[in-house]
There are 2 protein chains.
Amino acid sequence: MSRPARRDQLLAAAERIVRRDGVGHLTLDAVAVEAGTSKGGLLYHFISREALVTAMVERHLADFSATLEAAMAADPEPRGRWTRAYLHATAPLGGPSDSAAATGLLAAMASNPVLADPLRERYAGWRQQMARDGLPEADAMIVALAADGLWMADLLGFAAPTGDQRGQILARLMELAGSPAAAAAVPPPETRRAEAPAADRRHSS
Amino acid sequence: MSRPARRDQLLAAAERIVRRDGVGHLTLDAVAVEAGTSKGGLLYHFISREALVTAMVERHLADFSATLEAAMAADPEPRGRWTRAYLHATAPLGGPSDSAAATGLLAAMASNPVLADPLRERYAGWRQQMARDGLPEADAMIVALAADGLWMADLLGFAAPTGDQRGQILARLMELAGSPAAAAAVPPPETRRAEAPAADRRHSS
DNA sequence: ATGACTGTACCGTCTGGTCGGTATAGTAAT
DNA sequence: ATTACTATACCGACCAGACGGTACAGTCAT
């Protein structure tokens, strides 16, 4: 198997473990078993546990950046474009993004907070971009912060709004982010009939 | 030393470790040393590591509830009172609450996500109260989510806005939460021409 | 003396990491 | 085609230390 493909498999296994069992269970053995390989095999691709966690952070960062830039490119209106893209990438309509999510961040914070530094730097950069987005600064920040809050609620299972309510919140945030279409994009509550109850995934363990 | 006082010291030590070194370093030995006692002494007060983490969660919950209720009692205007109190308790003006913070939540999520269930239940209850707060639901939710986002930024060190900018954001959130005073506190954008660059704002409340 | 509390030695288990070895594929000289 | 050699990918036994937890012997105010 090709080297990058194998690395991806291992990273995916690590993410699955964090999501399913919690950061505390992210051990080399567990990752190896989850990926269907051996600890030796795992350590061949990542020379240490720290290297694995670092790679998880990087992967998460790359995923997020890609989503962000795609959303930017798809938005014709320059004013508030960045803020809307951030909202879209952080808190998508359909609930928690099934992909990398924040497992890397969690893993980093648990073992060594310094490993999350690349993320912190990026974040600081994003904040600066947001200041030049043509929106009242407080409004843009509120949209970003609310997106973060929603993301956290998704991640931790803290009564994250779903379905109809989530749609309304996101529409209102889009409005704050200067989207003229947003107000019209979501019809008033009366028109919208009860949606599918948005994949209720209460994890038990 | 009295029993509850000692317990508090031990919990405080545990919190310090989580904040400083990350959840992964929250071991019985480390907590005992940090608190200036021995593992035996620690285990006398908390029969197991799990009991310690549970107590951390409970402490955090109690702290937060107390702050919340105090803010509620101090607010004469019923409309949006709850939302404003939540904002105040979650994201105080002066930056991250120096007290328990969320270390308990982090510790729980790392070792066993189920331990955070009491928090989840409370949270669900709060959300219900928010729905009966007399505010447009989406607005109330956005305030709460932004508060959560700010709290997270404080906790993880993710470019959390400080000083002047933080003040403006909180004022705008108060406005969204229906506070009539908030709108007056911060003049509209037109009036606010190029402001003094964050002249270290000492928190008044 | 009693009971609340603390210190210390220890146990079994788990964890990150090392290390010697194996299997396979490719290359190139004969 | 055979042989010899090399590089890559992977395996799994093993180790030293850390971990949660137990047992028990103090200590000290009442």
Which of the following nucleotides, [options], is nearest to the side chain of [X]?
X	options	answer
A:Thr27	D:dC11, C:dT15, C:dT6	C:dT15
A:Ser38	D:dG21, C:dT15, D:dC10	D:dC10
A:Leu28	D:dG21, D:dC11, C:dG17	C:dG17

Spacing of CZ belonging to A:Arg79 relative to CG belonging to A:Asp133, to within rounding of 0.5 Å: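 A:Arg79 CZ to A:Asp133 CG: 9.0 Å, rounded to 0.5 Å.
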Side-chain donor-acceptor contacts of residues 28-35 of chain A below 3.5 Å, not counting sequence neighbours, with atom names and distances?
residue	atom	partner	partner atom	Å
A:Glu34	OE1	A:Arg20	NH2	2.6
A:Glu34	OE2	A:Arg16	NH1	2.6
A:Glu34	OE2	A:Arg20	NH2	3.0

Atom-to-atom span, [atom1] of [X] to [atom2] of [N] - whole angstrom:
X	N	atom1	atom2	result
B:Asn112	D:dG20	CG	C1'	15 Å
B:Arg49	D:dA18	CZ	C1'	13 Å
A:Ile47	C:dG17	CD1	C1'	11 Å
A:Tyr44	D:dT8	OH	P	7 Å
B:His45	C:dC5	NE2	C1'	7 Å
B:Asp29	D:dC19	CG	C1'	8 Å
B:Leu10	C:dT6	CG	P	8 Å
B:His25	D:dG20	NE2	P	12 Å

Does OP1 or OP2 of D:dT8 have a side-chain N or O of A:Arg6 closer than 4.0 Å?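 No, no such contact exists.
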Side-chain N or O of A:Ser48 closer than 4.0 Å to phosphate OP1/OP2 of C:dG16: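 Looking at the OP1 and OP2 atoms of C:dG16, neither is under 4.0 Å from any side-chain N or O of A:Ser48.
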B:Asp117 and B:Arg122 ion-paired at < 4.0 Å: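 No.
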Classify A:Leu26 by what it touches in the nucleic acid, base, sugar-phosphate, or nothing, heavy-atom distance under 4.0 Å.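 Sugar-phosphate, no base atom in range.
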What nucleic acid atoms does A:Leu43 come within less than 4.0 Å of, heavy atoms only: base, sugar-phosphate, or nothing?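 A:Leu43: base contact, heavy atoms under 4.0 Å.
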Using 30° and 60° as the class limits, which term best fits the ring planes of B:Tyr123 and B:Trp126: parallel, tilted or perpendicular?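 Rings of B:Tyr123 and B:Trp126: perpendicular, as their planes differ by over 60°.
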Would you say the side chain of B:Lys39 and the base of C:dG7 hold a donor-acceptor pair, judged only by whether the two atoms sit under 3.5 Å apart?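 Answer no: no donor N or O sits under 3.5 Å from an acceptor.
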Quick check: are there more than 12 heavy atoms from other residues, nucleotides or ligands sitting under 6.0 Å from NE2 of A:His88?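 For A:His88, atom NE2 is not crowded (no more than 12 foreign heavy atoms under 6.0 Å).
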